[in-house]
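In the text below, chain A, chain B and the rest are named by the order of the sequence lines, each starting its count at 1.
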Number of protein chains: 2
Amino acid sequence: MDLSERKRKILQAVIDEYIGTAEPVGSRAISKRENLNLSSATIRNEMADLEDMGYLIQPHTSAGRVPSDEGYRFYVNSLMEKYQMGMEAIMELQKAFQMRITRLDQIIKYAGSIASALTDYATIITAPQRGLSMLRKVDLVPISNEKTMVVVVTDGVKSQVLDMPLSEEECEILSSAINKYLKGLTSKDVTTDKMSGIKEQIREKTKLDDDVLTRVLRFVFETITADEDAEIYVSNLQSILKYPEYRDVQKAGKMFSFLENKDNLRRLVMSDSGEGIHARIGSENDDEILKDCSLVTVDYSLGTGRGGKISVIGPKRMNYSKVFASLDTISGEIDKILRYYTDNG
Amino acid sequence: MDLSERKRKILQAVIDEYIGTAEPVGSRAISKRENLNLSSATIRNEMADLEDMGYLIQPHTSAGRVPSDEGYRFYVNSLMEKYQMGMEAIMELQKAFQMRITRLDQIIKYAGSIASALTDYATIITAPQRGLSMLRKVDLVPISNEKTMVVVVTDGVKSQVLDMPLSEEECEILSSAINKYLKGLTSKDVTTDKMSGIKEQIREKTKLDDDVLTRVLRFVFETITADEDAEIYVSNLQSILKYPEYRDVQKAGKMFSFLENKDNLRRLVMSDSGEGIHARIGSENDDEILKDCSLVTVDYSLGTGRGGKISVIGPKRMNYSKVFASLDTISGEIDKILRYYTDNG
DNA sequence: GTTAGCACTCGAAGGCGTTGAGTGCTAACA
DNA sequence: TGTTAGCACTCAACGCCTTCGAGTGCTAAC
């Protein structure tokens, strides 16, 4: 459906205005804008057309207009002006990221908090899904007379304290045996048969208690096979309280409960199949509760399937332009870091 | 100041009622309770007295009464009936804790979520301050051509990926050298002189690049000396939206911002010097924003200075009795686990 | 095609009377 | 002397009504 240049401008003006004020916008407000010199009457006619076309909605007869979901969609697709992030802001961002090149999950969390700081909306981030995790090393450390810590190194490190007394020598023996037999193990390799074979070999070699062996190996296998649900973080959730859309505490409360629930989040993020940066506006969301929210999502990845997503969630009248720009930049930065971090990994 | 038995009963009834309804309670409501057979007129007289004494407040002339901070204080100190946790609830709790004896910070986080589930208020928990952490083991794992992971085991495990190429053999040599010289090291031992001495020794022995050595050792020392700020978690923050006290979104928003800020939390928890379980009611809190909240805090510890705190934060009319009982039980369970966990540690 | 003008609509805000829960006081009662 | 019934009084909450004004659609003139 084609719109005349004038209609486009008017629609854009209405949405821009509404994004700023959250109040229905009237014809007078638009006609007072410098960029198009038309009387309010003309604007009214055009707005009536735009309403017929489904881009605007009138909450009631004597009110101004509010964008419909289709209106927002059109805006995002064709009208929105590119938001230019300030040079300092970008520098700032890069500096911030550089300071923190430590743990992966930290980077991601941090990225989330930056995203919400930039946009002032709530942010959902998923940590990169672990690809195939491969066992790099197992270590056993005596903790006390009765306890031993098992440290398993894959892409990350996992440790657990098990209730069993092992001497330093025993730890040494067991860990070197495990490392010998299991190094390079991936989740694909873990089958019950194979594993009990390996367990036998190790037992043979170490002469250790069966129970001890079982428990240590179980932890090792669990760590490798754990197709850990990609972790999900939410930050700046409380920002929704700032927006008049959520003046109603009930509503805000429901939203909180929904977004506090990791299952919901996961479903939300998973159901999103788009690539690159894209928005889901209002009714485009499946969840009833999100019908008057928009979700802007970008995925960061290395092209190797390893990656995650960052979503910004806010009222439908969010500042799409700014959100798109922020997410774009952030995901770029993350990509850079991750590529650096996992090269040849 | 002594209160007659009857006044005590009436005060208790008023507070119990108010805790349930959040509405000013009138004389009729009290007189209808079975446990004291008095007409509303008599109750009125007594309530007037209690108001004179400062335990009750009348929001306006023709309203019922609301407890004052002093009223709550008296209630908590002398009136409150002991809440008996159900046997099943306790069993449930114990089972829950037993399932999760893994990482310390996990236990604590978990305890926090249990506390908020039981009480339905927001919960603040501080992880135990690390005592003197002692180096147990250092491990080096080659990650790629250019990267090596350093794993440092103390009470917990910390790892970092450093940008340096080390072969497997080099890793082996370096880590065994470090383990030989540094095992058992505590933060007390870390002085510049001593450390550069040790570094020399290790270098002598391993013939490794000075830069590599410096970076690995720096991470090790940092890990040991890090007097990590006791970590602070908040859970169930959104529960405050449920209470009519926070029907006003503005207020709720302020509260959120306040409690999202870790500095505030830290200050809040630190300023609390009490031992055992205790409450801070309304104006007993220093922060203006908490003037109509109460904070119930319990510390869990091992008597060795190692320990943390759990606080429940809610409206002044919180169910003190239940909160006290829940926190008491939870802190007991944590104590048990921690004692078990760190015995001879 | 654009605009000025006008009648019309309807939510928001404010004024006003009613209602009812609750009080304090007084006088009678046990 | 303590308790209670009764009554006048208070005041927030609620609903009703009016007013106000922002905004509309339509018509007629430019």
Side-chain angles (χ1 to χ4, degrees), chain A residues 2-11 13-18 20-68 71 244-245 247-248, chain B residues 2-11 13-18 20-68 71 244-245 247-248:
Chain A
D2 271 349
L3 290 186
S4 71
E5 185 56 27
R6 197 168 74 176
K7 283 202 172 54
R8 295 168 64 99
K9 272 197 174 161
I10 291 176
L11 181 55
V14 170
I15 298 185
D16 280 340
E17 189 75 19
Y18 187 69
T21 62
E23 296 289 328
V25 347
S27 53
R28 237 176 81 83
I30 300 299
S31 83
K32 266 191 284 191
R33 295 201 153 206
E34 302 106 36
N35 80 1
L36 58 179
N37 289 320
L38 294 169
S39 76
S40 64
T42 311
I43 307 279
R44 273 204 291 284
N45 291 329
E46 294 286 45
M47 280 166 88
D49 290 351
L50 286 167
E51 186 174 3
D52 288 342
M53 296 165 124
Y55 294 124
L56 292 179
I57 290 171
Q58 219 175 359
H60 58 87
T61 343
S62 71
R65 257 86 172 197
V66 161
S68 69
E245 284 68 2
R247 225 175 302 145
D248 176 13
Chain B
D2 272 347
L3 290 186
S4 72
E5 186 57 25
R6 197 167 74 178
K7 282 202 171 58
R8 294 168 65 101
K9 273 195 172 161
I10 292 176
L11 181 55
V14 170
I15 297 184
D16 280 339
E17 189 77 18
Y18 188 69
T21 62
E23 296 289 328
V25 350
S27 53
R28 236 176 84 83
I30 300 299
S31 84
K32 267 190 285 193
R33 295 200 154 207
E34 303 106 37
N35 80 4
L36 57 177
N37 290 318
L38 293 170
S39 76
S40 63
T42 311
I43 306 280
R44 274 204 290 285
N45 291 328
E46 294 288 44
M47 280 165 86
D49 289 352
L50 285 167
E51 185 173 2
D52 288 343
M53 296 164 123
Y55 295 124
L56 294 178
I57 290 170
Q58 219 174 357
H60 58 89
T61 343
S62 71
R65 257 86 173 196
V66 160
S68 68
E245 282 74 356
R247 224 173 302 147
D248 176 13

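Using a distance-only test at 3.5 Å, with no hydrogens or angles considered, no donor-acceptor pair links the side chain of B:Ser40 to the main chain of B:Ser31.
The minimum heavy-atom distance between A:Met47 and A:Val14, with the atom names listed, is CE-CG2, 4.3 Å. Annotation for B:Ile43 and B:Leu38: closest pair CD1-CB, 4.0 Å, computed over non-hydrogen atoms.
The distance between atom CD1 of B:Ile30 and atom P of D:dT3, rounded to the nearest whole Å, is 17 Å. If you take CZ of B:Arg6 and C1' of D:dT1, they are 12 Å apart, rounded to a whole angstrom. Regarding A:Asp49, its CG atom lies at a distance of 13 Å from the C1' atom of C:dG1, rounded to whole Å. The interatomic distance linking B:Leu36 (CG) with D:dG2 (P) rounds to 18 Å, in whole Å. Protein atom CD1 of A:Ile43 is 15 Å distant from nucleotide atom C1' of C:dA4, rounded to whole Å. Straight-line distance from the NE2 atom of A:His60 to the P atom of C:dG11: 5 Å, rounded to whole Å.
When the shell of 6.0 Å around CZ of A:Arg33 is examined, it contains more than 12 heavy atoms from other residues, nucleotides or ligands.
Distance CG/B:Leu11 to CG/B:Asp49: 12.0 Å, rounded to 0.5 Å. B:Asn37 CG to B:Thr42 OG1: the interatomic distance, rounded to the nearest 0.5 Å, is 11.0 Å. Between the OG atom of B:Ser27 and the CZ atom of B:Arg65 there is a distance of 8.0 Å, given to the nearest 0.5 Å.
Between the axis at the start and the axis at the end of the helix from C:dG1-D:dC30 to C:dA30-D:dT1 there is an angle of 20°, using five pairs per end and rounding to 10 degrees.
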Could you run down nucleotides 20-27 of chain D 5' to 3' and tag each one B, S or - for protein heavy-atom contact under 4.0 Å?
-> --BSBB--

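For the side chain to side chain contact (heavy atoms under 4.5 Å, CB included) test, residues two or more places apart in sequence or in another chain that qualify with B:Arg247 are B:Pro244.
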